[in-house]
Structure formats: C-alpha cells, structure tokens
Amino acid sequence: KRLSGRSKTDGIILILIGILVLIILIPTGDGKKAGNVDQLTQEETDGKNTAEMRQTQTDTEYTKALEELSCDVTAQAKLLAEKFWPGPLTMILKKSDCVPKSITGGLGTVAIRMPSHPVAAQLIRTSGVYIAAPSANISGKPSPTRGEHVIHDMKGRIDMIIVDDTVDIGVESTIVDLSEDVPTILRPGYITKEMLSEVLGEVRIDPAIMGSVKPGVVPKAPGMKYKHYAPDADLAIVEGDIDKVVDKINALTKEKEAL
C-alpha cells in the first residue's frame with residue numbers, strides 16, 4: 001500500500017509498531033530511505049539481493065545507545081555524535097553482545113547512525129527499539145531519494161513504504177570506521193574528510209574507495225567490494241570546440257527526449 005502525507009504519519013507508525021515483521025521503507029533525512037522495522041531477517045536480505053557480507057546501519061535516537069550497541073565506545077565516537085548527530089554520519093564500532101551477527105554480516109563491528117528525518121526519528125522513538133535499516137536500493141543501484149524511486153526498484157520485494165519526500169541532502173551518509181587506531185572513511189558522503197578532521201584530527205580515506213578490496217578481505221561497508229551506486233544509464237563523452245560540444249549535447253538531449 002502507498003500511504004503518504006505528514007498528517008497520516010502518526011497513525012501509520014502506531015500501526016507498524018504492532019506489526020514489526022514487515023519489510024517497511026522509511027525516509028532517513030540524507031540521500032536514502034531505509035528498510036525493515038525490526039531485526040534484519042533473511043527474508044529482508046533476500047528482498048534486497050544483498051551479499052551476506054553487507055553490514056547494516058542501526059538507527060538510534062540517543063547518543064547513549066552507543067554504550068548499549070558497542071563494547072568499545074571511543075571518545076572520538078562521542079565527539080562525532082555530539083557534532084553531527086542526528087545527521088548523515090554512520091560510525092563503525094566494535095559491537096556489543098546484544099547486537100546479533102545476523103545484522104552485521106558476521107563481522108565483529110556494527111555501523112550505527114542516528115537519522116535526522118522526523119519520520120524516522122518518530123518511528124524509533126515510538127517503537128522503543130533499535131532498527132536494523134539497510135538502504136532501500138538493490139545493491140549496485142543508486143540510493144533513492146523519493147518514494148517513487150523505491151517503488152521502481154523494490155516493487156514486489158517489500159511490504160510497505162512510508163512516503164515522505166522531504167530529503168535534505170540527496171547523498172549517502174559518510175561511513176567512518178572508529179574500530180581501528182586511526183579513524184578511516186569507508187564511504188564518502190555529506191560529512192567530508194575536512195569536517196571530520198576538524199573534530200578528530202587525523203582521518204584517513206580507505207584505499208579501497210578508489211581501488212578494490214584485496215582478495216579474502218571482508219569489506220566493512222557497502223560498495224567496497226563491487227560496483228555500487230551505479231546509475232542505469234549510458235555515458236557519452238563529448239570533446240572538442242566548446243560551441244560544437246554544446247550543440248552536440250543539445251542534439252543528444254533532444255534524441256533522448258524523443259524516445
């Protein structure tokens with residue numbers, strides 16, 4: 001079913017709290033919507049065609065939840081939470097025993113984020129639980145920013161969408177690994193390396209972002225092992241005199257519009 005409109009949100013969320021077994025997609029406030037209002041189940045991973053190594057994001061409402069979800073909450077994590085949460089920053093920390101490996105891809109770490117979107121925040125607050133929420137895109141496809149994008153990619157794979165297209169940013173959250181000695185960016189996003197460095201000092205960028213993960217290494221974040229966030233579109237490179245380039249681009253645009 002497609003239910004939209006802020007006035008309907010409260011009732012929808014109250015209904016969902018009584019279900020908690022459906023695959024439900026919600027807006028999160030950055031460049032994506034998130035899926036599943038309970039623990040990540042095998043049914044949900046099958047619905048997304050995700051690899052078993054995929055690490056999900058656990059959306060939390062309060063910074064204190066870090067202490068429950070991680071057995072090693074660093075001072076760096078607390079500083080970043082204070083500076084950038086709620087918002088498009090995902091932190092990878094060593095997981096606590098309460099986090100099942102079924103939602104961490106079998107890894108000993110967990111990715112934690114506090115979303116800024118009011119609908120996501122209300123859902124978390126009303127449910128009173130943590131939410132395993134991988135992004136609502138089929139692996140290899142761009143993250144959606146509107147409900148219609150989710151419907152296009154996920155129709156027949158999910159049970160419900162809470163539609164609220166007021167996305168603030170339009171790109172993925174930055175993923176930073178805090179489980180090692182030096183904070184390392186595993187996925188670039190709205191929160192830049194410079195912004196992180198202002199808070200933490202030294203910050204590295206994982207070489208796999210510009211290259212590939214070495215054989216036998218289990219990736220800690222989505223998109224590090226294979227082509228990810230790739231638009232399904234043709235690419236044409238036009239070179240030469242600027243006026244001729246503009247004319248050619250306009251001609252190509254008209255050809256596409258005529259199809």
Side-chain angles (χ1 to χ4, degrees), residues 28-32 34 40 50 53-96 99 103-117 120-121 124 130-135 137 139 143 167-214 217-226 228-229:
T28 58
D30 47 33
K32 61 178 67 180
L40 180 66
T50 53
M53 61 82 189
R54 173 102 179 201
Q55 180 160 314
T56 68
Q57 295 166 331
T58 305
D59 295 333
T60 64
E61 182 177 9
Y62 303 108
T63 303
K64 69 179 183 180
L66 288 169
E67 302 286 354
E68 297 182 26
L69 296 172
S70 172
C71 63
D72 184 20
V73 179
T74 64
Q76 295 170 325
K78 294 178 181 179
L79 285 172
L80 292 180
E82 181 179 354
K83 178 69 174 179
F84 298 113
W85 277 6
L89 179 68
T90 299
M91 294 186 283
I92 291 183
L93 296 166
K94 294 177 181 177
K95 81 175 193 69
S96 65
V99 179
I103 69 167
T104 66
L107 300 177
T109 53
V110 60
I112 307 171
R113 179 163 63 95
M114 181 176 179
S116 60
H117 199 287
I124 296 165
Y130 303 125
I131 297 176
S135 57
N137 61 294
S139 290
S143 293
V167 174
D168 299 329
I169 299 169
V171 295
E172 286 76 21
S173 66
T174 302
I175 298 180
V176 58
D177 183 5
L178 301 177
S179 66
E180 305 293 342
D181 293 335
V182 179
T184 303
I185 295 174
L186 302 185
R187 181 179 71 187
Y190 182 78
I191 306 299
T192 65
K193 179 177 182 291
E194 290 71 25
M195 295 164 69
L196 294 172
S197 296
E198 287 181 5
V199 179
L200 302 179
E202 183 183 5
V203 175
R204 296 187 307 182
I205 296 179
D206 195 292
I209 290 177
M210 301 302 295
S212 59
V213 176
K214 296 180 180 179
V217 175
V218 178
K220 287 187 175 182
M224 297 185 69
K225 188 174 182 180
Y226 44 77
H228 211 62
Y229 310 127

Exercise. How many angstroms lie between CE in M91 and CD in Q76, if you round to the nearest 0.5 Å?
Worked result: 10.5 Å
For this session: Could you walk me through whether F84 and V199 pass side chain to side chain contact (heavy atoms under 4.5 Å, CB included), step by step?
Result: CA-CA 10 Å; F84 298 113; V199 179; 4.0 Å; yes
Exercise. What closest approach, in Å, do T104 and L107 show between heavy atoms, and which atom pair accounts for it?
Worked result: OG1-O, 2.9 Å
Problem set entry | Nearest heavy atoms of D206 and T184, plus distance in Å | N-CG2, 3.6 Å
Exercise. Looking only at atom types and distance, does a side-chain atom of S70 sit under 3.5 Å from a main-chain N or O of K94, one as donor and one as acceptor?
Worked result: yes
Exercise. What closest approach, in Å, do I191 and T174 show between heavy atoms, and which atom pair accounts for it?
Worked result: O-OG1, 2.6 Å
For this session: Calculate, to the nearest 0.5 Å, the distance between atoms NZ and CD belonging to K78 and E82 respectively.
Result: 11.0 Å
For this session: Please lay out, stage by stage, how L93 and D72 fare under the test side chain to side chain contact (heavy atoms under 4.5 Å, CB included).
Result: CA-CA 7 Å; L93 296 166; D72 184 20; over 6 Å; no
Problem set entry | S173 side chain reached by R187 side chain, heavy atoms, under 4.5 Å | yes
Problem set entry | Which atom of S96 lies closest to which atom of E68, heavy atoms considered | OG-O, 2.6 Å
Exercise. What is the distance from atom OH of Y190 to atom CG of L89, rounded to the nearest 0.5 Å?
Worked result: 12.5 Å
Exercise. How many angstroms lie between CZ in R204 and CG in D181, if you round to the nearest 0.5 Å?
Worked result: 8.5 Å
Exercise. What heavy-atom pair brings L66 and A77 nearest, and what distance separates the two atoms?
Worked result: CD1-O, 4.3 Å
For this session: Using the side chain to side chain contact (heavy atoms under 4.5 Å, CB included) rule, pick out the option among R113, H117, M114 that qualifies with P86.
Result: M114
For this session: Flag the pair Y130 / I103 as yes when at least one side-chain heavy-atom distance between them is below 4.5 Å, and no otherwise.
Result: no
Exercise. Which value, rounded to the nearest 0.5 Å, describes the distance between L186 atom CG and I92 atom CD1?
Worked result: 4.5 Å
Exercise. Can you list the steps and then say if D177 with S179 is a side chain to side chain donor-acceptor pair (under 3.5 Å)?
Worked result: CA-CA 6 Å; D177 183 5; S179 66; 2.6 Å; yes
